[in-house]
2 protein chains.
Amino acid sequence: GELVHLLKADQLQEATDYWNKKTFALVTGASRGIGRTLAEKIAKQIAPESVLLLISRDEKSLGSLKQAIETDRPAVRVYVGVTDLSTCDESALNGLVSSALAGDSAESFAHALCIHNVGSLGDATKRCSDLTQTTSCVDYFRLNVASVVVLNAIFLRHFASGKQQRKTVVNMSSLCAVEPFASLSLYCTGKAARDMFFKVLAKEEPEVRVLNYAPGPVETSMRSQLLDQSWIDEIKSGGLGLTTTVTCDRLMALLARDSYASGAHVDYYDS
Amino acid sequence: GELVHLLKADQLQEATDYWNKKTFALVTGASRGIGRTLAEKIAKQIAPESVLLLISRDEKSLGSLKQAIETDRPAVRVYVGVTDLSTCDESALNGLVSSALAGDSAESFAHALCIHNVGSLGDATKRCSDLTQTTSCVDYFRLNVASVVVLNAIFLRHFASGKQQRKTVVNMSSLCAVEPFASLSLYCTGKAARDMFFKVLAKEEPEVRVLNYAPGPVETSMRSQLLDQSWIDEIKSGGLGLTTTVTCDRLMALLARDSYASGAHVDYYDS
């Protein structure tokens with residue numbers, strides 16, 4: 001009883017120390033699922049004058065999320081970045097980060113946090129030998145890898161002058177980044193690519209904290225699509241997944257504890 | 001002495017049994033370096049009426065390679081596929097494989113072999129935080145990943161009816177597929193992506209033999225570019241690399257021995 005209480009008190013202290021700072025947090029794929037829950041949870045914990053930049057294609061859902069957050073935390077500024085990461089270019093992304101910074105200087109933030117949550121499953125009805133269309137393959141890697149690489153560079157450049165601030169980059173990874181699954185070739189390939197990219201980033205930038213977080217099987221629209229499309233029994237019989245709440249809580253506790261090796265792949269189920 | 005002789009005799013027998021069959025062999029990036037040496041070596045060992053489809057952008061180098069092979073092995077038909085894998089689409093690739101098959105039926109080949117050797121280094125002067133250009137990132141993954149995925153599917157579809165034939169797919173991998181190196185973010189990312197794709201292929205198609213082969217540090221124009229561009233001392237001081245001959249011999253012996261687990265990553269230096 002008492003030990004549990006002490007642990008919980010420790011964790012609360014860690015969370016407060018980590019999150020209760022003036023933070024610039026960028027979240028992609030923020031309109032629904034894990035991205036939306038994460039945005040809501042981060043908004044509750046960051047200090048006044050923090051900025052949340054929420055990126056998604058879905059203007060309506062982003063708008064309602066912004067409204068909900070601003071009602072709950074009027075001292076947090078929410079910028080909505082409506083853009084399609086599968087087609088936009090660097091000038092659009094650059095514009096979003098610049099606009100969200102607006103009058104504020106990048107150096108004024110104690111923490112710059114970038115969460116690369118965007119991702120698509122690909123067509124899980126297809127085998128490797130069905131992937132004969134150049135355009136759909138090119139588009140898949142553009143959304144899931146190239147746009148992540150470019151947005152990441154733009155983010156880091158905007159905060160390059162903040163020598164003293166904490167910088168954190170989170171890649172929403174998957175078990176599929178480290179284990180191959182039949183029927184998920186593009187998904188596994190894109191996730192493996194992202195994990196490796198962020199491992200290289202961790203090597204290049206020792207002052208940036210980099211985490212590849214695999215959220216487990218979470219109840220999202222992507223999971224519905226997967227259970228619907230896959231022709232692999234093992235996948236189809238996956239059963240009920242985790243809630244976005246439990247996996248986002250775990251990610252936020254991992255970040256606050258701050259004991260992961262930069263560039264590591266950490267799974268929800270890792271002890 | 002005697003044991004070595006017996007081993008060598010075994011290896012020669014393995015090589016003959018494996019290679020001396022009517023083979024359809026496709027090699028990308030065939031105009032120079034590892035691809036060119038591999039094409040020359042395969043041409044020497046495959047049976048009469050075999051077909052070699054050699055793909056590269058470089059028409060002149062491919063032409064001289066074709067001439068050299070046809071002089072050495074007039075019974076092997078060499079098709080030259082001049083195309084730029086960074087821009088071409090599926091109809092161009094489909095046309096190349098169809099043309100190389102020409103009058104011959106896919107089923108008539110005892111072995112269908114596809115070697116994905118194409119690859120580019122990316123700009124090794126750049127850090128992750130320099131990768132702000134969407135077009136160059138998209139192009140990188142198009143050449144190094146998407147074109148490989150599409151050509152692979154087209155190859156497998158052409159030989160789908162050959163139920164009895166041996167099918168082998170080789171991905172030219174790298175230590176960079178499994179270990180992150182600063183200054184090589186795109187290269188590591190693309191190689192990790194390819195390894196994972198071919199691991200999934202091995203899961204999906206148990207009758208296809210799939211090998212991710214890391215050739216070691218080989219003296220090629222890519223290695224010159226790397227030593228020239230990288231800002232990492234550990235990489236720049238790499239010293240003399242392997243010849244294309246020794247690494248291609250090792251790959252061909254691995255294939256002939258046929259004891260690798262399908263989908264495995266095997267390095268030149270693995271025992």
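What's counted below: heavy atoms across the whole structure, side chains too, no hydrogens, waters or symmetry copies. Here is how names work: the chains are called A, B, and so on, in the same order as the sequence lines, proteins then strands, and each is numbered from 1.
- For the set A:Leu151, A:Val145, A:Leu186, the entry with the most heavy-atom pairs within less than 4.5 Å of chain B is A:Val145.
- The greatest number of non-hydrogen atom pairs below 4.5 Å with chain A, out of B:Ala153, B:Cys137, B:Cys188, is found for B:Ala153.
- Contacts between B:Ala177 and chain A at a heavy-atom distance below 4.5 Å involve the backbone alone (N, CA, C, O).
- Inspection of non-hydrogen atoms places A:Trp231 of residues 224-233 of chain A under 4.5 Å from chain B.
- Looking at A:Glu90 and B:Thr134, their side chains do bring a donor and an acceptor atom within 3.5 Å of each other.
- The side-chain heavy atoms of A:Tyr213 and A:Thr247, taken from C-beta on, include a pair separated by under 4.5 Å.
- Chosen from B:Gly263, B:Gly190, B:Ala146, B:Ala160, the residue pairing most often with chain A at heavy-atom distances under 4.5 Å is B:Ala146.
- Chosen from A:Thr135, A:Asn94, A:Val200, the residue pairing most often with chain B at heavy-atom distances under 4.5 Å is A:Val200.
- In this structure, the portion of B:Leu184 lying under 4.5 Å from any heavy atom of chain A is its backbone and not its side chain.
- Residues B:Ser56 and B:Asp58 bring no donor and acceptor atom of their side chains to less than 3.5 Å of each other.
- In this model, a donor atom of one side chain and an acceptor atom of the other lie less than 3.5 Å apart for B:Ser173 and B:Asp195.
- Close placement of the A:Phe198 and A:His116 rings is indicated, their centers lying within 6.0 Å of each other.
- In this pair, B:Phe109 and B:Phe159 present their aromatic rings perpendicular. The plane angle is above 60°, beyond the 30 to 60° band.
- At a cut-off of 3.5 Å, with distance as the only test, no side-chain donor of B:Ser120 or B:Tyr187 sits close to an acceptor on the other residue.
- Of the atoms belonging to A:Phe181, it is backbone heavy atoms, and not side-chain ones, that fall under 4.5 Å from chain B.
- Contact annotation for B:Asp130: both backbone and side-chain heavy atoms come within less than 4.5 Å of a heavy atom of chain A.
- When the side-chain contact (heavy atoms from CB on, under 4.5 Å) test is applied to B:Ala25, the partners found at least two apart in sequence or on another chain are B:Thr23, B:Ile42, B:Leu52, B:Leu113.
- By number of non-hydrogen pairs under 4.5 angstrom with chain A, the leading residue of B:Ile154, B:Thr132, B:Val138 is B:Thr132.
- Side-chain contact check for B:Met196 versus B:Arg194: every heavy-atom pair is 4.5 Å or farther apart.
- Residue contact with chain B, scored on non-hydrogen atoms closer than 4.5 Å, is absent for A:Ala202.
- Proximity to chain A is absent for every atom of B:Val208, based on heavy atoms less than 4.5 angstrom apart.
- A cation-pi arrangement, defined by a distance under 6.0 Å to the six-membered ring centre and an angle within 45 degrees of its axis, is absent between A:Arg142 and B:Phe141.
- Only the side chain of A:Arg157 comes within contact range of chain B, with at least one heavy atom under 4.5 Å from a heavy atom of that chain.
- Between A:Leu131 and B:Asn152 there is no side-chain heavy-atom pair separated by less than 4.5 Å.
- Salt bridge absent: B:Glu107 and B:Lys163 never bring a charged side-chain N and a carboxylate O closer than 4.0 Å.
- The candidate with the highest count of non-hydrogen atom pairs below 4.5 Å against chain B, out of A:Arg127, A:Glu179, A:Lys203, is A:Arg127.
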